[in-house]
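Just so it is clear: chains get the letters A, B, ... in the order the sequence lines come, proteins before strands, and each one is counted from 1. Keep in mind that the numbers below use all heavy atoms, side chains included, and drop hydrogens, waters and symmetry copies.
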Amino acid sequence: MTDKNFETHEHDVLVIGAGGAGLRAAIEASAAGLSVGLICKSLLGKAHTVMAEGGVAAALGNVEPRDNWKVHFRDTMKGGRYLNQWRMAQLHAMEAPDRVNELEEWGAIFDRTHDGKILQRNFGGHTYPRLAHVGDRTGLEMIRTLQQHGIHTGMHVYMECTLTRLFTAGEGDDKRVTGCFGYWRENGKFVVFKTKAIVMASGGIGRIFKINSNSWECTGDGQALAYLAGAELMDMEFMQFHPTGMVWPPSVRGTLITEGVRGEGGTLRNKDGKRIMFGYIPELYASDTAKTEEEADLWLRESTTGIASKAKRTPDLLPRDIVARAIHTEVKAGRGSPHGGVFLDIATRRSAEDIKKKLPAMYHQFMELGDVDITKEPMEVGPTGHYTMGGIKVDPNTQESRVKGLFAAGECAAGMHGSNRLGGNSLSDLLVFGRIAGEHAAKFAKSVQAKETDKGAIEAAEKEALAPFSRDEGPNPFLLHEDLMNQMQKYVGIMRNEADLASGLKEVERLKDAQSRISVTGNRHYNAAWHESIDMRNMLIVSEAMARAAAQRKESRGGHAREDFTEMDKEHFAKVNIVLRYGKGGDMELEEVALPPVPDEIKKILEEKE
Amino acid sequence: MADKATIRVFRGNEDGGEFKEYEVETYTGMVVLDAIHEIQAKQAPDLAVRWNCKAGRCGSCSAEVNGKPRLLCMTRMSHFAEGEAINVTPMRTFPIIKDLVTDVSWNYEMAKKIPEFKPRPRDADGHWRMQQYDIDRIQEFRKCIECFMCQNVCHVLRDHDKKKEFAGPRFFIHLATLEMHPLDTLDRRQMMKDDFGLGLCNITRCCTEVCPEHIQITDNGIIPMKERVADDFYDPVRWLLARFGGKKKKSLPIVQSTGDAGEDTHKTKKPKKTA
Ligand SMILES: Cc1cc2nc3c(=O)[nH]c(=O)nc-3n(C[C@H](O)[C@H](O)[C@H](O)COP(=O)(O)OP(=O)(O)OC[C@H]3O[C@@H](n4cnc5c(N)ncnc54)[C@H](O)[C@@H]3O)c2cc1C
Ligand code: SF4
Ligand code: SF4
Ligand code: FES
């Protein structure tokens, strides 16, 4: 029952994803005078970026004049345990301030300092108050600003349209994108886009974990589509478990509590009321972290009131991987809260008025969904699957993948964050690399002629998409998804070991087989089960990539923790990234690739002390 | 020992449909969106619903529960008494695509018609200085998550279908944001009157009542805009000042949104400040 009546659209540059990265890329490509199509699975303005809370990191130096790009760069590399592509981290730190200022030019209204400049707040792993923010709804401000500017640039927006395949021409190093294939969610009709260049900006993969903070869209589509088209994935073992997700009630398990709570003075305590983080300060951070509650509180007091504090930082704001593992350990040791988390206390630390003003969304979230008044009681929190450091491997200067004309930016791209991302560094990543990807995609599009898309490939994509309708019976896609989430949580979660990872891979294999037998009923109009069955293919690809890379990396670093290799391995794994690609027979191939050498002048910056 | 609840969900499209009844097991903290997902996973896999954040932040899951506009992800099942009917229907003002999903594209077309922000040049040192108290009001408006529930309840759209000449409350607060933005230089007042139908609003406040972000749409946004437009067009002195008085619109005195402006025929209540 192949449907020949697909519609066709043509653009010079196609941007897949309308989060911060996609919007910024599309704005840049439009500014180059090209015809740009922007495609997203949801309505415009609803992408996952809208949920970002705490802020966007940029060394503006408004609150702390000592801040500059070098400090930001150093913090980012250290947070990523030096597995970052140094060039990306450098570009990011250098360009983030311009990108934030540019948002203001397009109508963003950040919170202000006393002298009327953009206010910045503290966040984990950032030496100075660095996150420009709007209360705890920074992502909303950012996406709305980009959206309101974007729609006036002449780009064409295709909403509620899901892409399932990329088309390419040529082989090996000459392989080039020619277009892509997808369906309208509304009526299930197929659509083919012809284009000279694609920017993939499809976001994260959080939906592979049972406990996660992500929206339904975060199913690793872009990573999977690029992988199937011949691009490489990198750093897939590194998954950020955000330390503070809601744990109770079950309905909201995993929903994020912004790190801004700790930035505003919140502290983590166990069931005995003890502040836990003083017991978990790693050597790497020992010299700049407070060892006593008095010093930590002095630092908090000063730095939240705009005083350049000389005290050392509170350990509550150590990078996320460290805090998440500390909570995990406390809970395992039986010192957790009633529902299997620890306590996050802001009530005894700030006035009710301050809390409502600085963290209004958190206040409402707990009031309405958790029956907890955070101005009076502590919150119960635990780790939640949040962000993937891994993704499509790109050239650090252009964001181009291994496939010519295929660029990637934002959460679906790899390299910027190494093994662990600092809070606030994603929103800035979206802006910086969204712009760079847009610029280079436009350049590429201007330099080439469009190519025809292969008819056979279009037919194959149609067949693949319709397969679940052709089976009279088979597994239910929702239950399979649930199954996958449980297996990943159990075997490839926050603490890993060799046996578990092997089990995880086996489960993924089992689910791959089940996925190939899914059956859905009903018609193609807004059919949730059908959509889910297509997303499952992508989730299985990124799950497999994560499990394989995690099994390969025999050390603990950032968002990858092994019970059987608890330390960082300075000899071998400190020097390689793990890369995965679609092999000849369809199997996933894995390769360790040496990190690019760091030039001397960059080494010097990394070694400087504040 | 799981409790059960019965939910009636509209199943159909623009051509018609019916209520289907489903029974779901409830659990602590469950929201209506969870119930819809339960139904989707186990009873009606092709049931259509929009959602993204499940935390009241994206404005995707707007629908009506027992006739009242609500975010499904923020409506607790415990909100309903045992045995109370729970009827879930799509927003009424927009055409139905399928089940709970409506065609809200009109809003996106309207958004495009509003001329975008145009700031004055930066200060000499490259900054733009704005005091927090000067932007508190517009930051309130910027909390809008575009759930379009205010558009859904506004009778000018809902009952009179004036989608051609009326932008609706969501866009009035967007226009108000631009108008009150300390840096903006464009004057959109003529448009507000002629193209966006500000005059059609008769201040019923239905929009404000349903706003999940508790934005004081009417008192803080629409009424001040009406006053500014009225000032502009009916007070010749102010009109001249506004047109030729140097710094353009920002030279106008900022009209407070509280009741003491007193010129309008309606009674305004003191705006509640929602942080
Ligand atoms: C609750 C929460 C709070 C956060 N807070 C912060 C913070 O304070 N600071 C910070 O820096 N970071 C934060 N993050 C992380 C940050 O928000 C995300 O990493 C970032 O928004 C990702 O942006 P993106 O543009 O890469 O992708 P997204 O915003 O996820 O957008 C992806 C887009 O791709 C589209 N898409 C996906 N697949 C397809 C397909 N197959 N076909 C067509 N379109 C497709 C989607 O529809 C969507 O439009 C937070 C994350 C969460 C979950
Ligand atoms: S106050 Fe005006 S905009 Fe709001 S619902 Fe009433 S008529 Fe519509
Ligand atoms: S103003 Fe309020 S009700 Fe209207 S769209 Fe925005 S958030 Fe929704
Ligand atoms: S799902 Fe985002 S507001 Fe309900």
Short N-O contact, A:Asp371 and B:Arg76, less than 4.0 angstrom: yes
Part of B:Asn52 lying under 4.5 Å from any heavy atom of chain A: both
Distance-only donor-acceptor check, side chains B:Glu146 and B:Asn107, under 3.5 Å: no
Under 4.5 Å from a heavy atom of chain A, the part of B:Val104 involved: side chain
Top contributor to chain B contacts, counting heavy-atom pairs under 4.5 Å, from A:Glu532, A:His481, A:Lys358, A:Arg144: A:Arg144
Pairing of A:Glu353 and A:Lys357 as salt bridge, 4.0 angstrom limit: no
Part of B:Ile97 within contact of chain A (heavy atom distance under 4.5 Å): side chain
Under-4.0 Å salt bridge between A:Arg112 and B:Asp136: no
Under-4.0 Å salt bridge between B:Lys113 and B:Asp195: no
Under-4.0 Å salt bridge between A:Glu217 and A:Lys46: no
Pick from A:Ser215, A:Ser42, A:Ser213 with the largest number of heavy-atom pairs that fall under 4.5 Å of chain B: A:Ser215
Minimum side-chain heavy-atom gap B:Gln151-B:Pro169 below 4.5 Å: yes
Top contributor to chain A contacts, counting heavy-atom pairs under 4.5 Å, from B:Pro119, B:Ala41, B:Gly126: B:Ala41
Top of A:Gln365, A:Met159, A:His531 for chain B proximity - count of heavy-atom pairs under 4.5 angstrom: A:Met159
Residue among B:Lys112, B:Arg142, B:Arg57 with most heavy-atom pairs under 4.5 Å to chain A: B:Arg142
Least distance between heavy atoms, B:Ala44 atom then B:Tyr22 atom: CB-OH, 3.8 Å
Most chain A-contacting option - heavy-atom pairs closer than 4.5 Å, from B:Ala48, B:Ser60, B:Pro45: B:Pro45
Atom group of B:Val101 that falls short of 4.5 Å from chain A, counting heavy atoms: side chain
Engaged part of B:Ile145 at the chain A interface, taking heavy atoms whose separation is under 4.5 Å: both
B:Phe117 and B:His181 aromatic ring geometry - parallel, tilted or perpendicular at 30°/60° bounds: tilted
Contact leader toward chain A among B:Cys73, B:Cys144, B:Ser78, B:Pro115, where contacts are heavy-atom pairs under 4.5 Å: B:Cys144
Structural part of B:Thr177 lying under 4.5 Å from a heavy atom of chain A: side chain
Winner by heavy-atom pair count (cut-off under 4.5 Å) against chain A, out of B:Ile114, B:Asp99, B:Leu47, B:Asn13: B:Ile114
Side chain / backbone / both / neither for B:His174 at chain A, heavy atoms under 4.5 Å: side chain
Part of B:Lys98 within contact of chain A (heavy atom distance under 4.5 Å): side chain
Ring geometry between A:His149 and A:Trp106 (parallel below 30°, tilted from 30 to 60°, perpendicular above 60°): parallel
Most contacts with chain B, counted as non-hydrogen pairs under 4.5 angstrom, among A:Ile109, A:Thr255, A:Asn523, A:Thr113: A:Ile109
B:Phe141 CZ to B:Glu179 CD distance, which is reported to the nearest 0.5 Å: 11.0 Å
